[in-house]
Amino acid sequence: MHTLKGVGAQILSVIWLLIAFACATPSHAVEPIPVPLDIEALDLTNAIDLYTDAGSRLQVSTAPGPDGIVRRIEVPARDEENTDWAVFALANTSDEQIDRLLVAPFFQLVGSQLFWPDLGASRIEAITPSQGIAPQRQKSLEADVFLITLDPGAVVTFVVELNTSELPQLRLWEPDTYKETVNAYTLYRGIILGISGLLALFLTILFVVKGTVMFPATAALAWAVLAYLCIDFGFWSLVLNVGQGEDQLYRACAEVMLAASLIIFLYAYLNLNRWNIHYSHLALTTLILLLGLLGVAVWDPSVAAGIARLSLGLITVLGLITILILAVQGYDRAIMLIPTWFLLIAWVIGAAMTVTGSLSNDIVQPALGGGLVLIVLLIGFTVMQHAFAGGAIAQGLISDVERRALALTGAGDIIWDWDVDRDRIYTGHEVEDLLNLKHGSLDGPARDWLDILHPQDRDRFRATLDAVIDQRRGKISQTFRLRSEDGHFRWFLLRARPIIGSDAEVIRCVGTLLDVTEERTAEERLLHDAVHDNLTGLPNRELFMDRLRSALAQAKADGSTKPTVLVINLDRFKQVNDSIGLSAGDSILLTVARRLSRLIGVQDALSRVNGDQYGLVLLSEQEPDKIVSLADSLRKAVRAPITFGDREIFLTCSVGIALYEGEKQTGEDLLANSEIALNHAKRLGGDRQEVFRPILRPLGKNIVDLESDLRDAIRKETLGVVFQPIVRLEDQSIAGFEVLARWTHPKRGKITPTEFIPIAEQSGLINELGMYMLDKGAGQLAFWQKELPSEQPLFASVNLSSRQLLKHDLINDVKAILSRTSLAPGTLKLELTESLIMSNPEYSAKVLERLRNLGAGLSLDDFGTGHSSLSYLQRFPFDTIKIDQSFVKSSGSSSRPVLLRTIVAMGRDLGMSVVAEGAENEADALELYQLGCEYAQGFFFGEPTSADDASKLLRKMASERETAA
């Protein structure tokens, strides 16, 4: 009965156990893994059961023991946040106790993935066995290591509490073998770290020695590799005292810096900024984005590391493309980098296969670390080979003398060395080749150079060398010309310094000789173009003024040369230019310039002062008549037809002439006067020449006000009238007066006739002024003839202008004045200049004849200064000629008395009265009397005076005559 009860209880227990197993998870037992004694390491990675998100407590079935019984165990988590578990079972089939090390590495590059990679962590929190001795954690910076003891014949199930959801690797090691393996890898890692550190340090030192930009870029890559290896090998954890498996941030930052340093190296070594600015922009943008990943690494190291790994691959591929493109273009740096970059491509492919799990052996991760160091080592060798090729490493250590020698060689200048003691000059053969001289021609004494130096440079060359030797200091910087074999000269620039010996004397002069012929030719061409007209080649206005000032300075110095300025302007050139085109106009200007140049002397200066206007500084001719004759020849040369294509073009020109009048004149004054004369010629119709006269000069901005005031003075009869005595030389009695105008302005004071008469000419007031003077002079003469009668009636001379002569009412006005005053016939003399009459001789002859018939006297003023023919003198009814004062004043010329005697004799023979102007002293008066001159006027006989003072003189003369009678 009791036996039946016990059996029932056991059946009930089995039923409840089956129910419990049915409700538990999982419901199957773990298969035990035998642990052989002769195997050093057993890989358990694929033999474990993983339970993710299983909660903080795990119930599992143990592996069947030797008795075949499967037991149920429950394990609580030490860290309630851990919900991931792993379960495996080990069986000791031997009759010995077995000690093994269970190892789970913190980080495994194998299978860490490209995107969101596993950067390592502490994998195991705790291990709970189903029986026997609990596993003991061993100290390790690289992995979770637990010491497991298995009794003989025992089957133990281990429940592993995980800190991560993944367990990349789990191995069971024989303790001694594991220690030997760790020691071996530690030695390997130490060697790799040592090489990497020395390489980074060496490249940094080279950067200090030689400051080429490729060295800091290469050093930065080496340091980035060193930092990555220190973290990968666990050395960084010792330095920074990082906890077990907590170096994810540092690992991510190391991978970011590795990609960034690679782009920096590629940009600096290939000097991409030299080829295209887009390379710089691309490299800078990539670098900024990569450095920005450092901030991402703080937030999520896995994301930053994934982007860094992808960037490293892209940079490698794009770098290869760039290197190949530049290598095809012949860039030597790119060519030298090709082998190393192909090795880098292979490393990147191997790393990609490793992180994706295609390569999963134990040596791949250490091999990739060593390969990375090898790549940096090859890159360093490539950089040094390029940077120091051809002795470049000595460039940072060369002396100053060597540096100067290298600079001289690079500049390509010719060496000039003068051994003063031996008096020998050495220049090599470059100069002799330039001059087509025999080699050795210039290697000799300094005096031999004088034979091939330009004559104008010899004295300066000799003086410069003597000065350096005498003063024992200074430097030579001189340009001179050397004659080539064909007789042409080349310009050279000599720069040299003296070298002083121990006795303080100059022993050598050493420097460089540079051929500057092209520079001097270009400079001379620029100077020529700056002062010459590009079309005609004639000097321009600036050079014209310079030559004019030089001529004036010479005239003031010697007094014999009197420069004359002629301004020639083409008439109607604008219309011709508009009708036939600019090219034809340029051809006309060039033709005219050549024609004018053929007519002038070698000392004359022809220039093109502006568009169609030429200027001439005339020195070859001094006489006025010859100057006018030359101007006429110039006009005739321009008047000749100019052939252009199938047509002939006829042009005329106007010429303005300005004569030199004295030392006070400037070049600007002469040019302005000639242009004023030219404008006057233009106003008169062109195709003529005009000599400047003060009457042609405009009087400034106040001309309108002066014109108005002059009009009021004439209307109000406030314009002054003065009388200058004309004396009969026989008895020195007053025979008459010349009526002159004087103007005292109420505000501006006295204004000379040379100022207000041109105003009257230009404004048309000259007619009113002339009639005013005629009326006043005739009225005063009538008063004197009535009040002071004499045997020979007094006469008065009044000047007429060209406008008055051409005025149709002149005859009627003179007739009215003569009728009103009842003057003795012929005593009111009208004075006209020779040039005024000759401007229209036919009309003048008719007007003068009618004036003579009215009873007016006619006087030819300034006789001898005009250019008319003497044959015209017979046609005009003059009764008096006035000799210009230039013939009266003593000038030292032997011909003056002859000319004066001839003029006087000619006037007497023609039955004319002769009046000489400019008698300044008694000698002039005596000479004129002896020559037979009848009348004279000048300051010796009296200055212009008022009517009252003139009346007093006449009364005094009458009383003296009565007393004498």
Derivation of the side-chain contact (heavy atoms from CB on, under 4.5 Å) call for F461 and L450: CA-CA 8 Å; F461 180 78; L450 300 180; 4.2 Å; yes
Those residues that, when tested against T517, pass side-chain contact (heavy atoms from CB on, under 4.5 Å) (two or more places apart): R490, W491, D515, T521
CZ/R460: more than 12 non-hydrogen atoms of other groups inside 6.0 Å: yes
Summary of salt bridge (Lys or Arg N to Asp or Glu O under 4.0 Å) pairs that have at least one residue in residues 428-444, sequence neighbours excluded: none
salt_bridge(D459, R462) N-O dist < 4.0 Å: yes
Residue pair L570 / K682: nearest heavy atoms and the distance that separates them: O-NZ, 3.3 Å
Between Q689 and R635, a side-chain donor and acceptor under 3.5 Å: yes
F692 CZ to N679 CG distance, which is reported to the nearest 0.5 Å: 11.5 Å
Straight-line distance of L493 CG to R495 CZ, nearest 0.5 Å: 4.5 Å
Any V468 side-chain heavy atom under 4.5 Å of R497 side chain: no
L634 side chain reached by L616 side chain, heavy atoms, under 4.5 Å: yes
Contact check, side chains of L482 and L453, non-hydrogen atoms, under 4.5 Å: yes
Shortest non-hydrogen contact between A334 and I323, atoms and distance: O-CG2, 3.3 Å
Ion pair check, K636 and D632, cut-off under 4.0 Å: yes
Under 3.5 Å donor-acceptor, W449 side chain and L442 backbone: yes
Side chain proximity check, T564 to L670, heavy atoms < 4.5 angstrom: no
Presence of salt bridge, K574 and D612, under 4.0 angstrom: no
Derivation of the side-chain contact (heavy atoms from CB on, under 4.5 Å) call for L494 and W416: CA-CA 8 Å; L494 173 62; W416 187 86; 3.5 Å; yes
Non-hydrogen atoms of R595 and A637 that approach each other most closely: NH1-O, 3.0 Å
Residues forming a side-chain hydrogen bond (donor to acceptor under 3.5 Å, both in side chains) with K475, sequence neighbours excluded: none
Criterion side-chain contact (heavy atoms from CB on, under 4.5 Å) on I499 and W418, from CA distance to verdict: CA-CA 10 Å; I499 298 177; W418 180 31; over 6 Å; no
Between S620 and D604: side-chain donor-acceptor atoms closer than 3.5 Å: yes
Separation between CG of D571 and OG1 of T652, rounded to the nearest 0.5 Å: 3.5 Å
R424/D417 ion pair, N-O < 4.0 Å: no
Point-to-point distance, once rounded to the nearest 0.5 Å, from OG1 of T536 to OH of Y614: 6.0 Å
R639 CZ: over 12 foreign heavy atoms closer than 6.0 Å: yes
Distance-only donor-acceptor check, side chains S607 and N540, under 3.5 Å: no
Reported CD1-to-OG1 distance for the pair I415 and T512, which is rounded to 0.5 angstrom: 9.5 Å
Closest non-hydrogen atom pair, V609 against R541: O-CB, 3.8 Å
D669 and T666 side chains, donor-acceptor separation under 3.5 Å: yes
Minimal non-hydrogen separation, L590 against L535, with atom names: CD1-O, 3.7 Å
Results of side-chain hydrogen bond (donor to acceptor under 3.5 Å, both in side chains) for E675 - residues two or more places apart only: none
With sequence neighbours excluded, residues passing side-chain contact (heavy atoms from CB on, under 4.5 Å) with Q554: D558, T561
CG-CG distance between L266 and L337, expressed to the nearest 0.5 angstrom: 7.0 Å
Polar side chain donor-acceptor pair, Q478 to T464, under 3.5 angstrom: yes
Polar contact flag, side-chain donor to acceptor under 3.5 angstrom, N436-S484: no
Set of residues satisfying side-chain contact (heavy atoms from CB on, under 4.5 Å) with respect to I335, sequence neighbours excluded: A327
Side chain to side chain, I649 and T643, heavy atoms closer than 4.5 Å: no
Salt bridge R520-E518, side-chain N to carboxylate O under 4.0 Å: no
Stepwise side-chain contact (heavy atoms from CB on, under 4.5 Å) check, L671 with F544: CA-CA 10 Å; L671 182 59; F544 173 79; 3.8 Å; yes
Minimum heavy-atom distance between L548 and G667, given as atom pair plus value: CD2-O, 3.3 Å
R481 and D457 ion-paired at < 4.0 Å: yes
Q622 (side chain) donor-acceptor with L619 (main chain) under 3.5 angstrom: yes
Exam field: side chain R608 to backbone G611, donor-acceptor pair closer than 3.5 Å: yes
Side-chain (S654) to main-chain (D687) donor-acceptor, under 3.5 angstrom: yes
